[in-house]
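What follows is a short report on a single structure.
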Amino acid sequence: MFGLFNKNKIAEEVKKVFIAEDYKDILPVAEYFKNETGVTFERQTSILQSKVTTFCKQREIYSFIELLNTIEHNKNIKQELIDYLTTNETYFYREFKQISELVDLVKKENNKVNILCAPSSTGEESYSIAIALLEAGIPSYDFHITGIDINSDALNKANIAIYRERNVRNLSSDIIEKYFIKNGSEYILNDNLKHLVNFKLVNVFDSSFKQIGKFDFVFSRNMLIYFDSKTRLKAKEILESMRKDNKYNVFFGHADLF
Ligand SMILES: C[S@@+](CC[C@H](N)C(=O)[O-])C[C@H]1O[C@@H](n2cnc3c(N)ncnc32)[C@H](O)[C@@H]1O
């Protein structure tokens, strides 16, 4: 009889009989995710439930409780869940007015400045700042940019720095020609620009965040929108503490209202 089945098929059938799937109570996962990352799914629990169910099934994890237990001792699965559930939407020259304000302030400084983008997502914001500073005639040795994010996939993309049309849609053709090589539908960022930014995998709520140093300017746009109001205030305080002095306000996004 077993000749009809291959080994994997048998294993699958055995699992179905002996392991009861339970993907009902998503709240402990939502709670865990919020505690770890700040990101809340309070008003989107059914979306979260469906996404995490898919995540579990792809990894043969049969319940949300099993997922939480697995994450306890498996850092890779934890990172995969973070990569899967965080939203990385961004593009070059997003909310450019603030970048332009930064350029004016940097021009007034006589020293080399350090700039933090927390979060950087796939790199467009950090590279936009580099481009805008260069375009304003500020030499590359006068600034350094650090981009941090909790999403490792996003940071890999930031390091590779190959973008699509929709990512560069706000850039003029002159800027594109100057800083990218176009290859089919891909926009490959020039290496000399890539060297002006360092990306690091860091959670803003982790103690390691404070260890990356202090910065003249801090950008934190479109991350707090994913947090509840209490967590936003906590993040605001942490981000403000990353400044070298209190000379300049942190650049928050227009949607990151308090
Ligand atoms: C929508 S992107 C914003 C990117 C860019 N700053 C912009 O405005 O276009 C939000 C990013 O916040 C990151 N993020 C969420 N929670 C985080 C945390 N606790 N620490 C660091 N990054 C976080 C996500 O991974 C995501 O890449």
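The residues of the chain are indexed from 1 along the displayed sequence. Keep in mind that what you see is a predicted model, and the values were worked out from it rather than measured. Read the numbers this way: they start at 1 and go in the same order the structure lists the ligands and their atoms.
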What are the atom names and distances for all N or O pairs under 3.5 Å between ligand 1 and the protein?
residue, atom, partner, partner atom, Å
ligand 1, 6 (N), P119, O, 2.9
ligand 1, 6 (N), E125, OE1, 3.4
ligand 1, 6 (N), E125, OE2, 3.4
ligand 1, 6 (N), R221, O, 2.9
ligand 1, 8 (O), R221, O, 3.1
ligand 1, 8 (O), N222, ND2, 2.8
ligand 1, 9 (O), T90, OG1, 2.5
ligand 1, 9 (O), R94, NH1, 2.8
ligand 1, 19 (N), T37, O, 2.8
ligand 1, 19 (N), N203, OD1, 2.9
ligand 1, 20 (N), V204, N, 3.0
ligand 1, 22 (N), I150, N, 3.3
ligand 1, 25 (O), N88, ND2, 3.4
ligand 1, 25 (O), D149, OD1, 2.6
ligand 1, 27 (O), N88, ND2, 2.8
ligand 1, 27 (O), D149, OD1, 3.2
ligand 1, 27 (O), D149, OD2, 2.8

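Sorted by first and then second residue, the ring pair (Phe, Tyr, Trp, His ring centres under 6.0 Å) pairs involving residues 72-92 (not counting sequence neighbours) are F55-Y84, F92-Y163, F92-F180.
Contact of the S126 side chain with the F199 side chain is registered, since non-hydrogen atoms from C-beta on lie closer than 4.5 Å. Side-chain atoms of I129 and L102, non-hydrogen and from C-beta on, do get closer than 4.5 Å to each other.
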For residues 132-142, tabulate all N or O donor-acceptor pairs below 3.5 Å that involve a side-chain atom, not counting sequence neighbours.
residue, atom, partner, partner atom, Å
E135, OE2, K178, NZ, 2.6
E135, OE2, Y179, OH, 2.5

Identify all side-chain donor-acceptor contacts of residues 202-220 below 3.5 Å with residues at least two apart in sequence or on another chain.
residue, atom, partner, partner atom, Å
N203, OD1, F205, N, 2.9
N203, ND2, E36, O, 2.7
D206, OD1, S208, N, 3.1
D206, OD1, S208, OG, 3.0
K214, NZ, S241, O, 2.6
D216, OD1, K244, NZ, 3.4
D216, OD2, N114, N, 2.7
D216, OD2, K244, NZ, 3.1
S220, OG, A118, O, 2.8

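A salt bridge links E186 with R164: the closest approach of a Lys/Arg side-chain nitrogen to an acidic carboxylate oxygen falls below 4.0 angstrom.
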